[in-house]
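It should be emphasised that the depicted structure is a prediction, and the values quoted were computed from it without experimental measurement.
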Amino acid sequence: QVQLVESGGGLVQPGGSLTLSCAASGFTFSLFVMTWYRQAPGKERELVATISSAGGSTNYADSVKGRFTISRDNAKNTVFLQMNSLKPEDTALYYCNAHRYILGNHRIDYWGQGTQVTVSS
C-alpha cells in the first residue's frame, strides 16, 4: 500500500523555522521525483520545491528561494523541507508528492494528506 505521511507542521512565529518530513512506503522511493506543494485557504495549490530522484537537482518557487531547502534520504525513504525565516504568507497546508514517468509519458502521482503550517505571532 502506497503511503506518504507528512509531519513536522505546527504554529511558529514570523522569522522562525520548521522542518517538514514526508515518509514514503509502498513504492520504490528512489525512482520518484519528490515535490512539496502548499495550499492556503482560498488559493490554488502552489509548487514549493522539488528534488530529483537521486537528489542532485532541486528547484524552488521564487517566493521561498533562499529560505527553504528541500532534501531527501533515499536510504530512509524520506524527503524533508527545511523552512527558515518563515512569513505569515507561508501559512498553508503543505503536501508531499511523488511522481515519475513510465512508458514515456505516463505519469504516476502519489500524494500525502498534508501537514498544516501556521506562521503567526
Side-chain angles (χ1 to χ4, degrees):
Q1 180 183 0
V2 170
Q3 280 194 310
L4 291 172
V5 180
E6 301 96 335
S7 61
L11 174 64
V12 63
Q13 291 187 341
S17 298
L18 281 176
T19 300
L20 306 183
S21 300
C22 173
S25 60
F27 62 99
T28 307
F29 179 77
S30 61
L31 296 180
F32 282 71
V33 175
M34 298 301 297
T35 302
W36 286 97
Y37 289 85
R38 67 186 181 187
Q39 188 166 20
K43 295 188 176 181
E44 293 193 353
R45 187 170 59 199
E46 173 189 21
L47 187 152
V48 176
T50 190
I51 187 166
S52 60
S53 56
S57 177
T58 58
N59 282 290
Y60 298 90
D62 287 343
S63 58
V64 307
K65 278 182 183 176
R67 300 188 299 121
F68 290 11
T69 302
I70 189 171
S71 61
R72 66 189 295 162
D73 184 341
N74 283 353
K76 296 183 178 180
N77 291 352
T78 303
V79 62
F80 305 96
L81 186 67
Q82 173 68 43
M83 306 185 294
N84 298 325
S85 302
L86 283 161
K87 305 174 180 180
E89 51 264 43
D90 294 318
T91 296
L93 188 61
Y94 283 71
Y95 295 91
C96 175
N97 167 271
H99 87 266
R100 67 172 298 207
Y101 288 90
I102 63 171
L103 303 175
N105 61 357
H106 178 70
R107 177 168 166 148
I108 298 173
D109 278 273
Y110 301 133
W111 291 91
Q113 294 297 307
T115 185
Q116 178 67 37
V117 172
T118 302
V119 185
S120 175
S121 54

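- Between Phe68 and Leu86 the shortest side-chain heavy-atom distance falls below 4.5 Å.
- Nearest heavy atom pair, residue Thr78 against residue Ser21, reads CG2-CB, 4.3 Å.
- Distance alone, capped at 3.5 Å, places no donor-acceptor pair between the Thr115 side chain and the Ser7 backbone.
- Under a hydrophobic clustering in which Ile, Leu, Val, Met, Phe, Trp and Tyr are joined whenever their side-chain heavy atoms come within less than 4.5 Å, directly or via other members, Ile70 and Val33 fall into different clusters.
- Judged by distance alone, with hydrogens and angles left aside, the side-chain atoms of Glu6 form a donor-acceptor pair with the main-chain N or O of Gln113 at under 3.5 Å.
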Please report the C-alpha distance between Ser120 and Leu11 in whole Å, then the side-chain angles of each, then the deciding distance to 0.1 Å, and finally whether the side-chain contact (heavy atoms from CB on, under 4.5 Å) criterion is met. CA-CA 7 Å; Ser120 175; Leu11 174 64; 4.2 Å; yes
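- Residue pairs satisfying the salt bridge (charged side-chain N to carboxylate O under 4.0 Å, His left out) criterion with at least one member in residues 91-108, sequence neighbours excluded, are listed as follows: Arg107-Asp109.
- Nearest heavy atom pair, residue Thr50 against residue Thr35, reads OG1-OG1, 2.8 Å.
- Closest approach of Ser30 and Ser53 over heavy atoms only: O-CB, 3.2 Å.
- A continuous path of hydrophobic side-chain contacts links Ile102 to Leu31 [ILVMFWY only; heavy atoms under 4.5 Å].
- Listed by first and then second residue, the salt bridge (charged side-chain N to carboxylate O under 4.0 Å, His left out) pairs involving residues 65-81 are Asp62-Lys65, Arg67-Asp90 (not counting sequence neighbours).
- Both Val79 and Val2 are assigned to one and the same hydrophobic cluster, defined by single-linkage of ILVMFWY side chains at heavy-atom distances under 4.5 Å.
- Taken to the nearest 0.5 Å, the CZ atom of Arg38 stands 14.0 Å off from the CZ atom of Arg45.
- The OG atom of Ser71 lies 11.5 Å from the CE atom of Met34; values are rounded to the nearest 0.5 Å.
- Scanning all heavy atoms of the two residues, the minimum distance from Ser121 to Pro14 falls at N-CD, 3.7 Å.
- Note: Gln116 CD to Thr91 OG1 = 7.5 Å, rounded to the nearest 0.5 Å.
- Of the N and O atoms on the side chains of Ser63 and Glu89, not one donor lies less than 3.5 Å from an acceptor on the other residue.
- Under a 4.5 Å side-chain heavy-atom cut-off, the cluster of Ile, Leu, Val, Met, Phe, Trp and Tyr residues that includes Leu47 is completed by Tyr37, Leu93, Tyr95, Trp111.
- Interatomic distance, Leu20 CG to Phe80 CZ, rounded to the nearest 0.5 Å: 11.0 Å.
- Of the residues Phe32, Phe29, Phe27, the one that meets the side-chain contact (heavy atoms from CB on, under 4.5 Å) test with Leu4 is Phe27.
- In this structure, the separation between OG1 on Thr19 and CG on Leu81 is 8.0 Å, given to the nearest 0.5 Å.
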